[in-house]
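The block underneath contains the structure these notes are about, expressed in structure tokens.
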Amino acid sequence: MRTRARRTVVAAVALFAAVGTLPAAAAQDQHQEQRHPSHGGLSATIRYTEYGIPHILARNYADLGFGTGWAQAADQVCALADGFVTVRGERSRYFGADAAADSALSSATKNLSSDLYFRGVREAGTVEKLMAQPVPLGPGREVKELMRGFAAGYNTWLEKNRITDPTCRGAAWVRPVSVQDVAARNFALAVLGGQGRAVDGITAAQPPASTTPPAGSPPTATSPAGTTSVGTPSGSAPDAQDAARAARELFAADSADMGSNAVAFGGSTTANGRGLLLGNPHYPWQGGRRFWQSQQTIPGELNVSGGSLLGSATVSIGHNAQVAWSHTVATGVTLNLHQLTLDPADPTAYLVDGKPERMTERRVTVAVKDGAPVTRTQWWTRYGPVVTSLGAALPLPWTTTTAYALNDPNATNLRASDTALGFSKARGTADVLDALKRTQGLPWVNTIAADSRGHTLFTQSQVLPRITDELAQRCSTPLGRVTYPASGVAILDGSRGDCALGSDPDAVQPGVFGPSKMPVLKDAPYAENSNDSAWLANAQRPITGYERVFGTIGTQRSMRTRGALRDVSAMATRGQLTVRDLQAQQFANRVTAGGLVAADAAKACAALPGGTATGSDGKAVDVGGACGVLAAWDRTADTGSRGALLFDRLWRKLPVSQLWKVPFSAADPVGTPNTLDTDAPAFATALADTVTELRAAGIPLDSRLGEHQFVVRNGKRIAVPGATESLGVWNKVEPVWDPANGGYTEMTTGSSYIQAVGWNGSRCPVARTLLTYSQSSNPNSPHFSDQTRLFSAERWVTSRFCEKDILSSPALRVVRVRS
């Protein structure tokens, strides 16, 4: 092992000194693309291979961050700059207070609320304090060096290059960044499921209007016109059942915004006894939560390939020579609420064990384009900020007697990059689990991993508030007694000191669960997750015994989970698996819902008297043409599938409450519910409305899916395979329905950085990758849509991990960058 590592070091270091071993064309490219910006002492070598994938070679972590920041800016400068405007709290200054906010980094609906939140974070010094925390509470030295280098690399690229992306060409808001900006972006991602989910409710929270503020208190808000607001009006307590329903929908992991599939296969199921991993994260196709692909190498120290979330200096999902990992959005609820009992004389004071505590005021001022600055006060408690809503559907009114404070343990967690770096250095799944235990940095995802020795791992190792079922039973308010079992959202009595969250001895920070409480499954023949809870990571080895805040046990699984478990358990039983089998699974495009109900739907359609059905508008519709299409459909969402679009539109119109004749049974969670209830009036109505809709749009009922599910890139249509969440397709995509322009004309989210990884005993892993939306969002880049065309054709990129493979790339282009 030492000899092999030494050879790798010698070979890689030689690249810094000479380019004589490169092909002539590559050497010429390198000579032409030397970069010598202003002095600063950082440097890296970037080798580009097919599809613009950079392989970043550096001597140390600061240099590696420098090369990463440079290369990300080259591909995604506008998306990065937009995110940095967000975390600086400057969106209102450049884009206007009432414009829609950057949804990639928070749930804020408008720029003003986004700015008030992020400006408040900045003025409170939150990120600097977290960066200053000693390990293990704060980030380690290597991560800090990566961030420092990333900021320098981004800035150097800005200094020395002309922006060609029309999104931000010549824009005043594209500015150099600091290490604080890079860390603040990481912070925004950490709190995405907590404070970031409640930005509107945090920044709108003001004391009741009917109450006179305490003597000497300043105005709580100043509008652009200079008028004063004394806060929101008193409101009634939220309805418990409505709140439970809203919380359940808000925290559903299978929402359209983000999700994922991943499966690890153990050595007992594979052709060579080594592990296999297929990762298929479903992330936004536009904006600041896109993945960006690279390889990062420090000879003798680090060598990892994979996808990074924009603005991250580490690989988020990827593989090295010995282990591969992916993440799926987890069901753990990353926040809880404390219901405050207010001082009758002062609604900005609350009682704990009968003693009043004053809230802390954070006055935040935001610059506004073409208007006066806006100043608002945010109100903070020992538990966190006062919040008046969790989304529009879950109001939490601040009255004269009651308010709600939000606890988000990830607001003190800036360790996700340390966790990612630990994965990047791992030599097996045991090291992955050790990195999770040591750093405890993942806020809202599960981890699935496989290694070259045939081991597998699933774990829901998240930073979650330490809400035990016992604590919830003992301390829930009347509202919390409904929301907690329904959604995992705990609402605790904030007036009682004995309702504090407490600490686990193995947790790195107080108020969170320690590693010993996390759901873990090791060395199963397969470990799979499709955004349901940990319960059925392996259907034959269910995981139980975890607290409700982690997720449910014995409840109905999503259609995607059911289809995935059918597929992967059959693959494991068949055995002799290879990377080719992973590739086939990714693009099988089996529609789980179609397999369950399409035949019954076709039969019921054919039985309709006269071939007609009555639509929701009361008009009779000839639906006879749909019957044969449904019967002949191949039950897939391939671009060439005829009937997939018809079934998709029909399925979306069927009411969930009237779908099934056979209900869910925990004894058969993969097989139930089943049997479409075609006797319910809703079926015929949905069928009539679907036929009417497609005919009105001029879309034939038997049209190929790809003719009407596509994206447009530089004026050209690119057909997109896959289907929506509820249909249960592994290759999930969430398109926008625009029938006037041809059908589904854009993707909001879906399959993103896909990897299929295995090992064959050589030094180089067997890996195939695909970045569905391509490496650059710049329409003038040659890598704006090249991998999107591959995705359309269901083709893959062969990973170039080893030096010999990188140097033999016919597309090799070498750039040496310095500060």
Distance alone, cut at 3.5 Å: any donor-acceptor contact between the side chains of Asp469 and Tyr484?
yes
If the test is side chain to side chain contact (heavy atoms under 4.5 Å, CB included), which one of Leu577, Thr573, Val568 qualifies with Thr269?
Leu577
Any donor-acceptor pair under 3.5 Å linking the side-chain atoms of Arg415 with those of Gln509?
yes
Would you check if there is a donor-acceptor pair between the side chains of Thr334 and Gln462 at a distance under 3.5 Å?
no
Would you tell me whether Ser530 and Glu528 have side-chain atoms, one donor and one acceptor, within less than 3.5 Å of each other?
yes
Ignoring hydrogens and geometry beyond distance, is a side-chain donor-acceptor pair present between Thr724 and Glu734 at under 3.5 Å?
yes
Looking only at the side chains, is there a donor atom on one of Gln540 and Tyr526 sitting less than 3.5 Å from an acceptor on the other?
yes
Residue pair Gln585 / Arg590, side-chain donor-acceptor N/O under 3.5 Å:
yes
Can you confirm whether more than 12 heavy atoms, excluding those of Arg580, are under 6.0 Å from its CZ atom?
no
With a 3.5 Å cut-off and no angle check, do the side chains of Trp730 and Asp567 form a donor-acceptor pair?
no
Nearest-0.5 Å distance, CD of residue Gln195 to OG1 of residue Thr126
8.0 Å
Parallel under 30°, tilted from 30 to 60°, perpendicular over 60°: which one fits the rings of Phe587 and Trp796?
perpendicular
Within the distance-only criterion (no hydrogens, no angle test), does the side chain of Thr578 pair as donor or acceptor with the backbone N or O of Thr270 below 3.5 angstrom?
no
Does any donor atom in the side chain of Asp532 or Thr561 lie under 3.5 Å from an acceptor atom in the other side chain?
yes
Find out whether Gln440 and Pro515 are in side-chain contact, i.e. whether some heavy atom of one side chain is under 4.5 Å from a heavy atom of the other.
yes
More than 12 heavy atoms of other groups within 6.0 Å of Arg141 CZ
no
According to the interplanar angle, ranging from 0 to 90°, do the rings of Phe423 and His327 count as parallel (below 30°), tilted (30 to 60°) or perpendicular (above 60°)?
tilted
Give the intermediate values and the outcome of salt bridge (charged side-chain N to carboxylate O under 4.0 Å, His left out) for residues Asp581 and Arg574.
CA-CA 11 Å; Asp581 293 295; Arg574 186 175 73 245; 3.5 Å; yes
Presence of salt bridge, Arg438 and Asp434, under 4.0 angstrom
yes
Is the number of heavy atoms from other residues, nucleotides or ligands under 6.0 Å of Lys425 NZ greater than 12?
yes
Is any NZ, NE, NH1 or NH2 atom of the basic residue among Arg274 and Asp451 found under 4.0 Å from an Asp or Glu carboxylate oxygen of the other?
no
From the options Asn531, Val729, Thr592, select the one residue that forms a side chain to side chain contact (heavy atoms under 4.5 Å, CB included) with Arg560.
Asn531
